2 protein chains.
Amino acid sequence: MTIRLLLADDQDLIRGALSALLDLEDDFEVVASVGRGDEVADAAAAHRPDVALLDIEMPGLDGLAAAAVLAARVPACRVVILTTFGRAGYLRRAMEAGAVGFVVKDAPPETLADAIRRVVAGERVVDPALAAATLAAGDSPLTGRERDVLNATRSGAGVADIAARLYLSEGTVRNYLSAAIAKTATRNRIEALRVADERGWL
Amino acid sequence: MTIRLLLADDQDLIRGALSALLDLEDDFEVVASVGRGDEVADAAAAHRPDVALLDIEMPGLDGLAAAAVLAARVPACRVVILTTFGRAGYLRRAMEAGAVGFVVKDAPPETLADAIRRVVAGERVVDPALAAATLAAGDSPLTGRERDVLNATRSGAGVADIAARLYLSEGTVRNYLSAAIAKTATRNRIEALRVADERGWL
DNA sequence: ACTCGGCCATGACATTTGTCAGCGGGGCCC
DNA sequence: GGGCCCCGCTGACAAATGTCATGGCCGAGT
């Protein structure tokens with residue numbers, strides 16, 4: 001019985017290469033391959049893969065969101081997240097989105113095939129080290145608004161810009177920023193953003 | 001006549017996948033595969049590849065530096081940079097380092113094989129759009145110190161920290177930062193860092 | 001009913017950051 | 001020698017940022 005796969009990654013070359021790699025295995029068949037998150041669900045509905053391999057960074061819809069849509073629309077299809085970054089927050093969010101596997105791109109090549117087979121067998125597959133890190137990072141102490149404001153900081157915008165974009169007063173924005181800085185135990189917004197990012201508190 | 005290839009990418013899975021992809025071509029043979037920049041030159045010396053495919057982000061030595069070393073130690077080996085980011089500065093630096101090809105990872109899969117063959121034939125291969133962007137970005141107007149200070153900003157450190165790290169007065173640091181902000185036509189250090197990054201002014 | 005927490009805001013304050021003008025020293029090139 | 005530019009510094013000022021106290025409005029839980 002061959003395992004039908006869907007591949008989603010925004011980098012064409014990587015997608016092609018992964019496809020080539022997976023095709024080397026006799027029991028795998030790549031039945032669909034897309035480059036945007038918002039094409040995942042349609043492709044899965046059309047081709048009925050057993051497993052969807054989703055990258056996180058994708059245009060349209062990120063892999064985590066795509067996983068959630070997929071779980072709702074094509075529940076028979078198991079989701080494995082395949083990403084560059086073994087960030088704690090990604091893993092947590094992937095699990096919440098219904099993924100059953102999580103593989104980082106610097107794992108040895110056999111890992112992927114192995115993970116796919118185990119997922120099909122009903123197991124959950126996660127790198128143990130990453131799982132530990134995720135637990136260590138704990139839940140995000142940031143409130144929704146604090147997250148919003150921190151995220152808006154990413155572009156380098158000033159308080160005024162953020163306030164405008166979020167329809168808040170400037171003072172409020174500064175307050176949230178201050179709270180975020182306190183909770184991350186840093187000394188300014190950019191450090192706060194960096195550690196919140198690392199901890200997956202986004 | 002088969003073309004001998006060396007593959008350097010820090011992500012095992014990607015390296016394996018690319019290897020699989022390239023092996024599909026009858027005239028290619030992957031003779032070496034490494035995961036660190038500082039292993040490139042030795043591997044090339046040992047296996048005498050015709051073409052080295054180097055990723056930029058690598059531990060030990062980045063792909064650009066590795067290209068320079070390779071050009072000096074194994075001049076017969078042509079260098080193709082294979083990277084995620086089609087950033088103007090990368091291309092410029094790649095060319096300065098002696099690379100003859102530059103392929104981005106979201107190019108269509110055939111592009112890579114094509115680029116390799118053309119490089120072997122003596123051509124230079126660069127995405128035209130990227131080449132144009134690189135010319136548009138122009139040479140860096142930043143002075144050495146301005147670069148240093150901007151780079152130190154990356155971690156999110158404040159003026160005082162940067163001054164300490166660079167053995168400068170705080171006022172001087174602020175002046176350089178101000179100059180960098182002016183030259184990038186932005187409004188604060190973090191925007192300045194972002195655009196300088198994009199333009200390859202590092 | 002009461003409390004707690006998130007949300008949004010204000011005002012006041014200290015600190016940091018960005019800008020500007022100006023100084024001296026050195027290297028390079030005409 | 002005289003320009004020119006980079007380097008490094010200072011001092012002064014305006015603007016942005018971070019902190020704190022305080023208040024009101026909600027919804028969820030006890």
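Computation of the quantities below employed the complete heavy-atom set of this structure, encompassing side-chain atoms and omitting hydrogens, waters and symmetry-equivalent molecules. None of these values were measured; they are calculated from a predicted model. Chain identifiers are assigned alphabetically (A, B, ...) following the order of the sequence lines, protein sequences preceding nucleic acid strands; residue numbering begins at 1 within each chain.
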Which heavy-atom pair separates Val103(A) from Ala107(A) by the least distance, and what is that distance? CG1-CB, 4.3 Å
Per atom distances to the Ile181(B) side chain, the nearest of dG18(D), dA9(C), dG18(C) is dG18(C)
Taking only side-chain nitrogens and oxygens of Thr143(A), does any of them come within less than 4.0 Å of OP1 or OP2 of dG6(C)? no
Whole-Å distance, Glu146(B) CD to dG18(C) C1', equals 14 Å
Considering only NZ, NE, NH1 and NH2 on the basic side and carboxylate oxygens on the acidic side, decide whether Asp9(B) and Lys105(B) come within less than 4.0 Å. yes
For Leu168(B) and dC6(D), what is the distance between atoms CG and P respectively, to the nearest whole Å? 16 Å
What's the CG-P distance between Leu142(B) and dC5(D), to the nearest Å? 16 Å
Just to be sure I understand the rule, does Arg145(B) reach a base, reach only the sugar-phosphate, or reach nothing, if contact means heavy atoms closer than 4.0 Å? sugar-phosphate
Less than 6.0 angstrom from the centroid, inside 45 degrees of the normal: does Arg93(B) satisfy that with respect to the ring of Tyr90(B)? no
Pairwise 5' ranking along DNA chain D for Ile190(A) and Glu170(B), keeping only the more 5' one: Glu170(B)
Testing dT17(C), dG8(D), dC8(C) for proximity to the side chain of Thr172(A), the answer is dC8(C)
Does the side chain of Arg189(A) get closer than 4.0 angstrom to OP1 or OP2 of dG18(D) through an N or O atom? yes
Rounding to a whole Å, what distance do you find between Lys183(A):NZ and dG5(C):P? 11 Å
Can you tell me how far P of dT17(D) sits from CD of Glu191(B), to the nearest Å? 10 Å
Any donor-acceptor pair under 3.5 Å between the side chain of Asn175(B) and the base of dC20(C)? yes
To the nearest Å, how far apart are Asp161(B) CG and dT16(C) P? 10 Å
Looking only at dC7(C), dT17(D), dT19(D), the nucleotide nearest the Ser178(A) side chain is dT19(D)
Within the structure provided, determine whether Val79(B) and Leu54(B) are in side-chain contact (heavy-atom separation under 4.5 Å). yes
What is the distance, to the nearest angstrom, from the CD1 atom on Ile162(A) to the C1' atom on dT17(D)? 11 Å
Would Ser33(A) and Arg15(A) count as a side-chain hydrogen bond (donor to acceptor under 3.5 Å, both in side chains) if you check the C-alpha gap in whole Å, the side-chain angles of each, and the deciding distance to 0.1 Å? CA-CA 7 Å; Ser33(A) 172; Arg15(A) 207 163 72 239; 2.8 Å; yes
What is the distance from CZ of Arg174(B) to C1' of dG11(D), rounded to the nearest Å? 10 Å
Side-chain N or O of Tyr176(A) less than 4.0 angstrom from OP1 or OP2 on dG6(C)? no
Regarding Gly171(B), tell me which of base, sugar-phosphate or nothing describes its non-hydrogen contacts under 4.0 Å with the strands shown. base
